[in-house]
Amino acid sequence: MSQTSGAISTALEDAAALLRNAKHVVVLSGAGISTPSGIPDFRSEGTGLWSSDEPMEVASLNTFRTHPERFFNWFRPLAGQIFHALPNPAHESLAKLENTKVSIVTQNIDGLHQRAGSKHVIEMHGTLDTLSCTNCFKRYESKNFLQPFIENGTIPLCVNCNGILKPDVILFGEQLPQAAWFEAQSAARQCDLMIVAGTSLEVLPVAGLPVQTVDRGAHLIVINNTPTYIDVRADVVIMDDVATVLPNITKRVTYG
Ligand SMILES: [Zn+2]
């Protein structure tokens with residue numbers, strides 16, 4: 001189902017009105033907000049990262065433990081894309097909103113919300129900004145290790161004990177970070193508006209947050225390229241590129 005330009009214009013206005021009147025906003029962001037920055041959605045079929053390896057197998061905790069070099073081989077191009085990526089207008093428009101009013105719950109590991117200037121970002125799948133030693137658990141900033149890894153394939157090793165450093169991202173088969181999940185649930189319980197931005201809502205438990213939100217009577221805006229299961233219950237659905245739509249909505253809020 002495609003939307004006509006008149007319908008989209010009305011939807012943008014409706015979304016802006018909801019955002020203008022909201023007191024607490026939770027933005028649920030996913031891969032779709034970072035693909036315009038050149039970062040592929042490695043969980044989606046059809047991206048280059050699926051061609052040689054199956055991510056659910058190679059990007060799993062089990063592969064990391066048993067064949068770390070396989071994981072790092074697969075991860076290297078993705079790490080390079082993330083390392084060189086810049087925030088796009090969607091990240092920037094969210095960062096320009098009043099920070100005290102907006103919490104971002106992201107499924108992305110690229111740190112682009114923070115780089116754009118957003119302060120309150122809850123990372124459900126961890127981050128590539130830090131690495132932890134699998135042996136002594138010492139934590140490191142990624143930047144000194146990532147460049148040699150991306151350029152030469154040098155596997156990052158602990159300065160302390162020579163153990164293998166694991167990016168602090170949540171791999172398949174790994175538990176979600178409890179603290180982040182509690183924080184996300186708490187933010188979702190308090191919000192009067194949730195914006196789904198560039199996620200098809202296929203990964204649990206994050207995908208369940210919009211249901212709880214609309215069940216409480218809070219408002220919901222969905223901006224995604226493809227339909228989601230919650231569209232039927234949303235106040236506004238805009239099926240388009242989030243990097244175009246979000247700035248369009250926030251501009252109306254700031255100057256409207
Ligand atoms: Zn160590």
Side-chain angles (χ1 to χ4, degrees), residues 1-3 8 11-12 15-16 18-19 25-50 55 78 81-82 85-97 102-118 120-128 169-170 180 184 187-188 191 193-211 213-214 219-231 233-251 253:
M1 185 185 69
S2 68
Q3 291 165 303
I8 287 177
L12 290 168
L18 288 173
L19 185 54
V25 182
V26 167
V27 178
L28 216 58
S29 75
I33 203 168
S34 290
T35 42
S37 290
I39 300 170
D41 176 6
F42 70 89
R43 288 167 194 265
S44 288
E45 231 169 319
T47 69
L49 293 165
W50 275 79
L78 179 61
Q81 279 155 326
I82 292 174
L86 295 172
N88 64 58
H91 299 103
E92 284 158 5
S93 66
L94 288 176
K96 278 186 202 141
L97 293 174
V102 179
S103 303
I104 298 174
V105 177
T106 189
Q107 297 169 287
N108 299 336
I109 57 167
D110 51 46
L112 290 182
H113 286 298
Q114 292 92 327
R115 259 191 262 174
S118 285
H120 195 201
V121 183
I122 304 164
E123 295 174 307
M124 291 308 304
H125 293 160
T127 175
L128 189 55
V169 301
I170 306 303
C191 75
L193 172 65
M194 182 173 279
I195 303 176
V196 170
T199 165
S200 306
L201 298 171
E202 278 159 3
V203 184
L204 286 167
V206 175
L209 290 176
V211 184
T213 304
V214 287
H219 293 291
L220 180 68
I221 299 170
V222 178
I223 308 161
N224 196 47
N225 265 330
T226 54
T228 77
Y229 78 92
I230 200 77
D231 288 0
R233 299 191 62 193
D235 297 87
V236 178
V237 178
I238 303 175
M239 226 184 290
D240 205 343
D241 185 351
V242 68
T244 316
V245 175
L246 257 183
N248 196 324
I249 293 171
T250 58
K251 187 178 67 192
V253 173

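Below, all heavy atoms of this structure are taken into account, side chains as well, without hydrogens, waters or symmetry copies.
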> To the nearest 0.5 Å, what is the distance between CD1 (I230) and CG (L220)?
Replying inline: 6.0 Å

> Measuring from L28:CG to I195:CD1, what's the distance to the nearest 0.5 Å?
Replying inline: 10.5 Å

> Considering all heavy atoms of both residues, which atom of N108 and which atom of S34 are nearest to each other, and what is their separation?
Replying inline: ND2-OG, 3.4 Å

>> A side-chain contact here means heavy atoms from C-beta on lying under 4.5 Å apart; do P40 and L78 qualify?
In response: yes

> When rounded to the nearest 0.5 angstrom, what is the spacing between CG in L12 and CG in L246?
Replying inline: 10.0 Å

> Shortest non-hydrogen contact from Y229 to G208?
Replying inline: OH-CA, 4.0 Å

>> Within the structure provided, determine whether V206 and T199 are in side-chain contact (heavy-atom separation under 4.5 Å).
In response: no

> Are the side chain of S103 and the backbone of V26 linked by a donor-acceptor contact shorter than 3.5 Å?
Replying inline: no

> What's the spacing between D110 CG and L128 CG if we round to 0.5 Å?
Replying inline: 9.0 Å

> At their closest point, which heavy atom of A90 faces which heavy atom of V242, and how far apart are they?
Replying inline: CB-O, 3.8 Å

> Say you draw a straight line from NZ of K96 to OG of S118; how long is it, rounded to the nearest 0.5 Å?
Replying inline: 11.0 Å

> Any side-chain heavy atom of L193 within less than 4.5 Å of one from T213?
Replying inline: no

> Is it true that a side-chain atom of R115 and a backbone atom of A85 form a donor plus acceptor pair closer than 3.5 Å?
Replying inline: yes

>> I238 vs I249, test: side-chain contact (heavy atoms from CB on, under 4.5 Å). Steps then yes/no.
In response: CA-CA 11 Å; I238 303 175; I249 293 171; 4.2 Å; yes

> How close do A116 and A95 get, heavy atom to heavy atom, and via which atoms?
Replying inline: O-CB, 3.3 Å

> Nearest 0.5 Å, what's the CD-CD1 distance between Q107 and I33?
Replying inline: 11.5 Å

>> Do V25 and L97 have side chains that approach each other closer than 4.5 Å (heavy atoms only, starting at C-beta)?
In response: no

> Checking T35 side chain against G32 main chain: does a donor-acceptor pair fall under 3.5 Å?
Replying inline: yes

>> A side-chain contact here means heavy atoms from C-beta on lying under 4.5 Å apart; do L112 and I39 qualify?
In response: yes

> What are the two closest heavy atoms between M194 and A188, and how far apart are they?
Replying inline: CE-CB, 3.9 Å

> Do H125 and V203 have side-chain heavy atoms sitting under 4.5 Å apart?
Replying inline: yes

>> For V105 and M124: C-alpha separation, side-chain torsions, deciding distance, then whether side-chain contact (heavy atoms from CB on, under 4.5 Å) applies.
In response: CA-CA 7 Å; V105 177; M124 291 308 304; 3.6 Å; yes

>> Please find the pair of heavy atoms, one from I104 and one from S29, that lie closest to each other, and give the distance.
In response: CG2-OG, 4.1 Å

